[in-house]
Amino acid sequence: MKIHEHHARDIFKKYGLPVPEAEVANNPEEVKNIARGMTPPVVVKAQVLVGGRGKAGGVKIAENHDDAMDKSKDIFGLLIKGLRVEKVLVAEAVDIENEYYLGILLDRDKKKHCVIASTAGGVDIEQVAEETPELIGKTWVDPAYGLHPFEIRNMLFDAGFDPKLALKVTGILMKLYKVVIENDCSLAEINPLVQAKDGTLWAIDAKVNFDDSSLYRHPELKPLKESEETDPIEKEAHARGIAYVRLEDGNVGVIGNGAGLVMATMDEVKRFGKGIAKPANFLDIGGGAQADLVRSALELVTMDQNVKVILINVFGGITRCDEVAKGILQAIEEVDLKVPIIIRLAGTNEKEGRELLIYSGLEKYLDIKNAPYKVIESLEQAAPIILETIGVPAQ
Amino acid sequence: MKIHEHHARDIFKKYGLPVPEAEVANNPEEVKNIARGMTPPVVVKAQVLVGGRGKAGGVKIAENHDDAMDKSKDIFGLLIKGLRVEKVLVAEAVDIENEYYLGILLDRDKKKHCVIASTAGGVDIEQVAEETPELIGKTWVDPAYGLHPFEIRNMLFDAGFDPKLALKVTGILMKLYKVVIENDCSLAEINPLVQAKDGTLWAIDAKVNFDDSSLYRHPELKPLKESEETDPIEKEAHARGIAYVRLEDGNVGVIGNGAGLVMATMDEVKRFGKGIAKPANFLDIGGGAQADLVRSALELVTMDQNVKVILINVFGGITRCDEVAKGILQAIEEVDLKVPIIIRLAGTNEKEGRELLIYSGLEKYLDIKNAPYKVIESLEQAAPIILETIGVPAQ
Amino acid sequence: MSILIDENTKVMVQGITGREGSFHARQMIKYGTKVVAGVVPAKGGQKMDDILVYNTCEEAVNETGANASMILVPASMAADAALEALDAGCKVVVLITEGIPAQDMIEVYHRAKEEGAALIGPNCPGIISPGKCKIGILPQDIFSKGPVGVVSRSGTLTYEIADGLTKAGIGQSTVIGVGGDPIIGTSFSDVLEDFENDQDTKAVVLVGEIGGNDEQAAAEIIKNLRIPVIGFIGGRTAPPGKRMGHAGAIISGKGSTADAKVKALEDVGVPVCDTVAEITLKTKEMLGL
Amino acid sequence: MSILIDENTKVMVQGITGREGSFHARQMIKYGTKVVAGVVPAKGGQKMDDILVYNTCEEAVNETGANASMILVPASMAADAALEALDAGCKVVVLITEGIPAQDMIEVYHRAKEEGAALIGPNCPGIISPGKCKIGILPQDIFSKGPVGVVSRSGTLTYEIADGLTKAGIGQSTVIGVGGDPIIGTSFSDVLEDFENDQDTKAVVLVGEIGGNDEQAAAEIIKNLRIPVIGFIGGRTAPPGKRMGHAGAIISGKGSTADAKVKALEDVGVPVCDTVAEITLKTKEMLGL
């Protein structure tokens with residue numbers, strides 16, 4: 001789960017990390033009022049859950065509170081990577097001398113937390129890692145005994161931090177580690193950590209991601225959750241609790257059970273699609289799906305106007321094929337799907353599922369263009385039917 | 001550091017432990033007001049830093065708020081093991097079905113935290129451990145990975161806890177462990193944990209001791225500190241930051257540097273004292289003591305009217321004998337000590353220290369009864385001089 | 001032969017009295033797995049069909065000699081259950097449960113390594129050595145005994161592949177679904193050498209997907225193996241930065257793309273199939289059938 | 001010979017630029033100890049007299065071959081400093097600092113055991129092998145080389161005893177003050193066998209006091225030793241429940257009384273002396289002098 005910078009900042013503050021004075025504003029008037037109480041200059045920052053807001057014009061320095069209000073007018077309503085700016089953070093600006101990068105993340109290869117620091121801050125850390133890896137310091141946390149100041153110091157000295165600065169940064173990283181451990185963060189980042197001209201250190205930007213599986217034990221974090229989806233269908237899927245990802249330029253809706261199977265099915269569509277048929281989405285009905293969920297999934301996929309045909313690929317384990325068939329029939333009855341469905345069912349209750357579909361009589365038409373669905377034996381059979389459907393000019 | 005039950009209760013509450021509704025009162029009127037807002041019966045409990053308050057009449061059940069006020073009048077001002085009751089805790093009484101003991105303490109032999117539980121609660125756990133050890137469950141915490149619910153369950157099942165109850169108690173012990181770890185407790189105890197007639201569990205008494213060395217990182221705990229000393233001289237020593245313990249029936253003040261040396265000196269006084277000379281106190285001036293501290297130490301020791309003679313035994317390491325000598329001379333000049341001092345100095349700057357004392361001219365009198373002090377070469381020489389001093393009737 | 005589990009494996013089921021636990025325990029018994037005990041704290045003494053339930057893993061292991069465990073308990077208790085099984089001495093722990101906090105899994109992972117135990121999962125379908133033993137929730141009818149080892153990060157895709165192999169007359173020695181979470185106990189690298197050393201395994205099908213670097217780590221191992229490995233990577237059409245269904249499948253860096261994984265495998269001589277159907281064909285070819 | 005340290009021990013001093021650190025480093029050098037490095041984070045490159053200061057223990061060990069460390073840094077940083085020394089490979093770590101949180105010491109203790117290192121202290125005077133090496137704050141002039149090992153929970157009392165032995169012409173092989181805190185790295189039991197195995201140690205003086213069970217644990221070891229042990233227990237007149245100066249010396253249960261300790265030692269044949277002066281006499285007797 002991602003959260004807004006200002007929420008991350010509040011958490012940082014609670015743990016004693018040095019964040020500048022700042023407050024959230026919902027409109028230019030509020031920006032003015034907040035900025036009035038601050039020592040100018042101030043910085044106005046768009047609150048969106050994606051990176052690259054600086055380049056998109058979402059961050060501006062203002063000389064005084066009137067200027068802050070004016071500049072915030074350009075930021076409110078801005079569309080950054082599809083997300084509209086509805087809140088801004090107004091913060092006291094810091095007189096920057098140096099910028100550093102600090103981060104802690106879960107390393108899935110080593111199965112440990114990794115603490116990262118670099119004297120090259122304020123920029124994309126992945127780029128630094130690629131171009132000047134010697135500027136990146138890393139240390140991994142002992143899963144048993146945790147992180148210790150000396151390990152951080154060793155890492156910072158090696159990464160070229162000034163020794164006196166390294167002592168201060170060690171304290172900051174110990175606090176950041178506490179944020180990570182106590183809140184089950186998958187990532188916590190300060191980029192940049194700024195050394196001001198007067199020598200003080202400031203966490204200018206705050207980024208925190210949480211492990212979704214741990215949210216049950218952090219009820220206080222739940223209200224911070226905001227939709228990360230820029231796509232309206234993804235938002236709707238999220239609301240329905242369905243794992244759905246929309247793809248660009250696709251025309252074949254893909255539904256399956258299990259992420260791996262769905263991805264493999266998408267790949268297959270792309271491969272046999274000859275550049276004509278392309279997967280329009282990822283939709284995983286998960287394990288043990290009931291008819292209702294299948295119905296809901298079909299409805300979702302057809303919300304995408306580009307979808308011309310749907311491919312359902314289910315291999316039943318916990319999932320029962322007859323439940324899937326029931327869901328398909330429900331959808332056809334209750335929702336105007338408009339597009340044909342190619343259905344492949346295998347595994348648990350395969351026979352029952354197929355019989356439900358066949359005896360419904362809906363598959364009787366000779367031609368897929370006239371029938372609501374077509375049941376196939378194996379995925380290979382899908383290719384010609386899908387191509388036939390797509391190949392015909394829509395209406 | 002020990003704290004009052006009501007402070008421990010507040011900490012328990014913060015960690016989600018099931019403590020009954022309760023509030024502190026400073027006088028009978030407050031008891032009445034608090035009890036009025038509660039569902040009777042209520043219990044009124046003396047807040048003192050020693051055990052055995054029940055036997056001393058410091059805990060009483062009251063039928064209603066008037067009764068609570070009346071009964072509290074007998075508790076306020078009560079002297080329990082030398083400590084006067086100045087506050088009481090008024091709590092809603094629980095209908096007791098069963099009583100259990102839960103505790104976590106630092107095991108200095110294994111260098112691990114030890115979690116202890118017993119179905120024999122409400123009584124002195126050391127007695128249970130001695131008489132019916134099979135009723136005591138123990139599990140030690142892995143110093144690296146910490147405590148896990150399964151380890152507690154295994155221990156509770158083994159100790160004869162009802163399995164369903166054990167699951168609930170496991171949750172309570174996990175919370176108690178969090179109290180211990182996050183607050184650097186040397187001990188945290190719930191005795192008794194009560195199962196009420198309705199099956200609910202309640203932490204009826206709360207006891208928490210803190211590791212003094214860790215207090216620097218728990219500033220929020222400092223205000224909870226209250227004097228544990230019942231003795232006025234110990235209180236004064238505490239205020240002066242001097243390690244002093246008063247002994248009963250003693251007449252020889254003992255001062256030294258280092259706990260081991262002071263204890264050995266006390267033991268020596270007792271041994272050669274022939275039942276006449278006995279150590280009156282333990283006073284450790286610590287390492288590297290300055291003259292001021294020595295002066296202050298002498299002043300403290302003579303506050304005890306039973307002290308007839310003082311034995312100073314210093315083996316200088318970090319401590320310099322000349323500083324000790326200076327302190328002695330200061331005390332003689334500025335404080336009316338009234339009793340003679342036997343001084344043995346060895347180690348660092350021994351010669352300088354002895355010379356300071358000898359050339360002061362104060363030791364010139366032939367007889368210890370007339371001289372303010374006597375410098376000796378070894379501890380063995382102390383015995384006859386001390387016995388001579390004590391043996392003579394005071395005045 | 002087979003790897004990790006066989007006809008002598010004695011399994012206890014943690015959470016056997018739950019809906020899922022009892023269903024899958026029964027399936028396993030039906031398949032011939034030696035399910036010797038159930039473990040459910042505070043339900044000790046009860047029975048699930050003929051299987052006695054114990055309060056603790058320690059007791060279950062002491063009384064029945066269980067040396068493997070399947071865990072099907074709620075996510076908030078699953079890590080503790082796994083630690084209990086490891087502490088009791090189980091050398092194979094199959095963690096089916098989904099949604100376990102990553103931080104808890106860090107500890108379980110390292111404890112399993114310290115104990116020298118094979119931890120499979122979490123969020124996985126389990127493991128089957130066809131004809132001998134099944135620990136998990138895999139639909140058992142699609143597997144058959146034979147010379148191919150299968151290790152996969154995906155559940156249903158594994159079924160699909162095993163089904164394809166079986167229908168083509170190619171049986172499996174052991175099939176392992178390693179699970180889809182960021183922190184998993186057993187990765188490809190952990191079992192490849194086991195397959196190499198298993199006399200009855202003649203080829204390995206490795207089913208990867210986008211996210212992480214497990215396929216690259218596997219390629220490093222494969223370099224030094226004699227046994228032929230057939231690869232498949234799911235998610236070639238997945239967009240970067242999007243989480244595809246489970247937390248493991250997300251393209252978060254260059255190394256975690258399908259292309260990088262395909263290249264890493266091909267670089268060490270592993271044929272990477274484009275479709276699921278091709279896996280069966282390629283495997284046949286590698287076995288000389 | 002001697003135990004734990006000798007003329008080849010290379011010592012680094014953590015906190016060498018502090019008032020205490022520099023004073024005691026100089027004393028140690030004066031005594032002949034090979035002090036090869038100082039460690040003070042962010043003061044790397046400075047010098048204390050002729051001793052170069054490093055930013056990290058790792059660097060100091062790599063550059064100078066230091067294999068032991070003395071720590072004289074503030075209590076809030078001392079546990080971290082000890083872990084750093086252990087991590088850098090030091091096999092003898094002497095922790096002089098007083099007032100280290102017990103919880104931090106739990107970790108340091110167990111890490112030292114895992115590393116197979118001797119941790120002495122905290123809150124201790126240190127260790128000296130007369131004529132060879134001193135690590136700590138003991139006043140060096142009172143010690144002399146000879147056949148008696150001394151291990152003690154007390155500081156100044158140890159000086160007193162060593163002084164008494166020296167004045168009676170009895171030298172010491174190694175003298176160790178183990179420290180007065182509840183959690184200490186090295187207890188009596190840890191060094192008794194070292195003394196037994198040291199060819200030059202002919203008798204051991206064990207100086208215990210009230211609190212804890214270390215003397216009882218030592219008695220268990222002494223049972224199986226050939227080397228004669230002379231005992232002393234301080235605090236016979238101490239009242240129960242009162243803390244005598246440092247956290248370790250408190251009578252908190254029956255086992256931690258002076259009487260219980262005297263009995264445990266006497267039960268395994270250890271003569272327990274009533275006075276400090278008696279220790280010298282008894283040691284002489286045991287050595288046949």
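Proteins get letters first, then strands, A, B, ... in listed order; numbering begins at 1 in each.
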- Item | A25(B) versus V90(B), closest heavy-atom pair with distance | CB-CG2, 4.3 Å
- Message: If you compare all heavy atoms of M38(B) against all heavy atoms of E23(B), which two are closest, and at what distance to 0.1 Å?
- Response: CE-N, 4.2 Å
Can you tell if the side chain of [X] reaches within under 4.5 Å of the side chain of [Y], non-hydrogen atoms only?
X	Y	result
P74(C)	T97(C)	no
I11(B)	L221(B)	yes
I125(B)	I136(B)	yes
V59(B)	R53(B)	yes
Y145(B)	E114(C)	yes

- Query: Can you check side chain to side chain contact (heavy atoms under 4.5 Å, CB included) on M105(C) and D181(C), steps first, answer last?
  - Reply: CA-CA 10 Å; M105(C) 281 313 304; D181(C) 275 9; 5.5 Å; no
- Contact list (residues 147-157 of chain B to chain C, heavy-atom gap under 4.5 Å, by number) returns H148(B), P149(B), F150(B), R153(B), N154(B), F157(B)
- Message: Applying a heavy-atom distance below 4.5 Å, give me the residues of residues 162-178 of chain B that approach chain C, sorted by number.
- Response: P163(B), K164(B), L167(B)
- Verify, without hydrogens or angle tests, whether E215(C) (side chain) and E209(C) (backbone) share a donor-acceptor contact under 3.5 angstrom. yes
- Note on the structure: One should read off an interatomic distance between K132(C) NZ and N8(C) CG, to the nearest 0.5 angstrom, of 9.5 Å
- Message: Please determine whether the number of non-hydrogen atoms from other residues, nucleotides or ligands lying under 6.0 Å from atom NZ of K30(C) exceeds 12.
- Response: no
- Task: Go through S187(C) and V178(C) one step at a time and tell me if the side chain to side chain contact (heavy atoms under 4.5 Å, CB included) criterion holds.
- Result: CA-CA 6 Å; S187(C) 359; V178(C) 297; 6.0 Å; no
- Message: Any carboxylate oxygen within less than 4.0 angstrom of a Lys/Arg side-chain nitrogen, looking at K225(B) and D212(B)?
- Response: no
- Query: Do the numbers put K110(B) on top of the ring of W140(B), so that NZ or CZ is under 6.0 Å from the six-membered ring centre and no more than 45° off the axis?
  - Reply: yes
- Task: Give the intermediate values and the outcome of side chain to side chain contact (heavy atoms under 4.5 Å, CB included) for residues I104(B) and C185(B).
- Result: CA-CA 9 Å; I104(B) 300 179; C185(B) 301; over 6 Å; no
- Give me the contact list for residues 34-59 of chain C versus chain B, heavy atoms only, anything under 4.5 Å, ordered by residue number. P41(C), A42(C), N55(C), T56(C), E58(C)
- Message: Within residues 9-19 of chain C, which residues come under 4.5 Å of chain B, heavy atom to heavy atom?
- Response: none
- Item | Test item: side-chain donor near acceptor, E5(B) and Q47(B), under 3.5 Å | yes
